[in-house]
Amino acid sequence: MANTGFIVWFAKVITLLICMNLKPLLVTGEQQVPCLFVMGDSLFDNGNNNNLLTAAKANYPPYGIDFPDGPTGRFTNGRNVADFLAELLGFDKYIEPFATVKGVDMFRGVNYASGAAGILDETSIHVGDRISMNRQLRNHNVTISHMSTLLGNKTLTKEYLSKCIYIDQMGNNDYINNYLLPQLYSSNHMYKPEQFASILIQQYSEQLKTLYLYGARKVVVFGKGGIGCVPSELDLYGTGDSVCINSIDSAVRKFSDKLKPMIDDLNSNLPNAKFSYINSTSIAVPDPSSIGITKLREPCCEISEGKCKHGGGVCSDRTAHYFWDGFHPSEAPNKVTAERAYTALLSTVVYPFDISQLSQL
Ligand SMILES: *[C@@H]1O[C@H](CO)[C@@H](O)[C@H](O)[C@H]1NC(C)=O
Ligand SMILES: *[C@@H]1O[C@H](CO)[C@@H](O)[C@H](O)[C@H]1NC(C)=O
Ligand SMILES: *[C@@H]1O[C@H](CO)[C@@H](O)[C@H](O)[C@H]1NC(C)=O
């Protein structure tokens with residue numbers, strides 16, 4: 001009896017998987033990979049913080065004003081980079097948050113990203129609850145257990161997971177909500193920028209190895225860019241008309257500069273690993289006015305402590321503002337970031353693969 005049950009389940013899952021792949025696709029044509037897993041912070045979060053006790057939430061208006069479902073927990077007006085990448089990879093639906101994903105939907109991938117999350121567990125503790133990188137990995141392990149149960153075969157699950165794309169965006173909060181807040185965190189007093197960057201990279205590298213051990217092979221790591229240029233940091237530390245704060249950028253660059261060697265190390269030490277680095281500095285729109293962005297510093301929504309004010313006002317032309325709130329880009333630059341990460345126009349942007357190449361490997 002148990003065996004019959006298993007076979008029925010197995011057949012159901014396989015049928016569902018086939019249906020998902022053959023379903024007429026609404027967005028951009030054929031789905032290029034079976035699954036997309038997303039890890040990261042508020043730049044990728046799509047609702048995982050909605051039921052957490054935290055100030056890092058975006059499930060209220062005017063967030064989502066340009067998103068079909070309205071405010072969902074995405075920290076922008078419309079789609080985030082993970083959404084655009086799902087579209088570019090041919091998915092007909094966005095990847096569901098771990099907080100709500102159910103049953104066979106997890107075979108399309110899961111989004112674990114959480115606003116305020118960091119590489120370090122203590123990062124953003126003053127903001128409230130958040131799902132750190134280590135917790136996101138534990139959640140991924142839970143997903144994998146469910147998948148293995150549904151498929152009834154661990155080897156098959158691992159084979160399946162090796163075909164997925166994993167995108168990862170971490171480290172912003174380890175600066176914004178840790179190292180750059182010396183009044184609340186000891187890291188700044190204890191470590192020079194170079195040492196702190198090394199600590200982050202050492203942890204991050206271990207975390208990415210864990211992801212590999214869980215079956216990931218095609219992993220995209222987004223670098224950091226321009227934390228010293230976000231409106232809220234400028235309000236805190238900027239002077240006059242400065243567009244970026246050099247001391248912040250130089251501290252964060254110490255971290256970014258170590259990402260490429262980290263990728264090399266992972267690729268040469270882990271069999272069949274295909275990690276790739278996206279250089280967010282070089283991906284930044286060189287001439288924002290070419291895509292209609294004329295307001296580089298001023299956020300679009302009415303701000304309260306860096307975030308959009310509950311029910312607050314918004315700017316008249318949302319496509320003209322680079323920043324949506326005090327920290328997060330609006331939909332227009334998110335689209336460009338995703339497009340350039342998917343198809344790199346310059347070899348300096350991705351190392352060694354862009355996401356379209358990675359999907360073909
Ligand atoms: C992952 O989950 C499995 C099954 O639930 C468990 O046995 C294992 O210890 C977990 N691994 C880690 C690293 O937490
Ligand atoms: C599990 O899947 C692997 C790989 O597809 C296959 O070789 C193996 O026979 C399967 N095992 C069982 C018990 O079905
Ligand atoms: C990223 O791109 C910028 C600008 O093109 C370049 O100056 C920097 O060296 C690159 N960083 C890495 C780690 O490749």
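One-based numbering, in listed order, for ligands and for the atoms of each. These values consider heavy atoms only, across backbone and side chains, with no hydrogens, waters or symmetry-generated copies. What you are looking at is a predicted structure, and each value in this text was computed from that prediction instead of being measured. Along the sequence shown, the residues carry numbers beginning at 1.
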For this session: Considering non-hydrogen atoms only, spot the tightest contact between F44 and M39 and give its length.
Result: CD1-O, 3.5 Å

Exercise. N153 heavy atoms, cut-off 4.0 Å: which ligand 2 atoms fall inside?
Worked result: 1 (C), 2 (O), 3 (C), 8 (C), 10 (C), 11 (N), 12 (C), 14 (O)

Exercise. Going by heavy atoms, is Y277 under 4.0 Å from ligand 3?
Worked result: yes

Problem set entry | atom 13 (C) of ligand 1: nearest protein contact (heavy atom, Å) | Y214 OH, 3.3 Å

Problem set entry | Identity and separation of the nearest protein heavy atom to atom 10 (C) of ligand 1 | N141 ND2, 2.4 Å

Exercise. Nearest non-hydrogen atom to atom 1 (C) of ligand 3 belongs to which of N279, I278, V350, I263?
Worked result: N279

For this session: Considering non-hydrogen atoms only, spot the tightest contact between F91 and Q31 and give its length.
Result: CE2-NE2, 3.3 Å

Seminar exercise, completed: Taking only non-hydrogen atoms of L156 and a 4.0 Å limit, the atoms of ligand 2 in range are 2 (O), 5 (O)

For this session: Would you please test C315 and C300 for disulfide bond (SG atoms under 2.5 Å apart) and show each step?
Result: CA-CA 5 Å; C315 60; C300 173; 2.1 Å; yes

For this session: Identify, for atom 4 (C) of ligand 1, the protein heavy atom at the shortest distance, and state residue, atom and that distance.
Result: S145 OG, 3.5 Å

Exercise. Less than 4.0 Å between a side-chain N and a carboxylate O, is that true for K335 and E339?
Worked result: yes

Exercise. Looking at I95 and N46, what are the two nearest heavy atoms and their distance?
Worked result: O-ND2, 2.7 Å

For this session: Give the minimum heavy-atom separation between A251 and Y175, together with the two atoms involved.
Result: O-OH, 3.7 Å

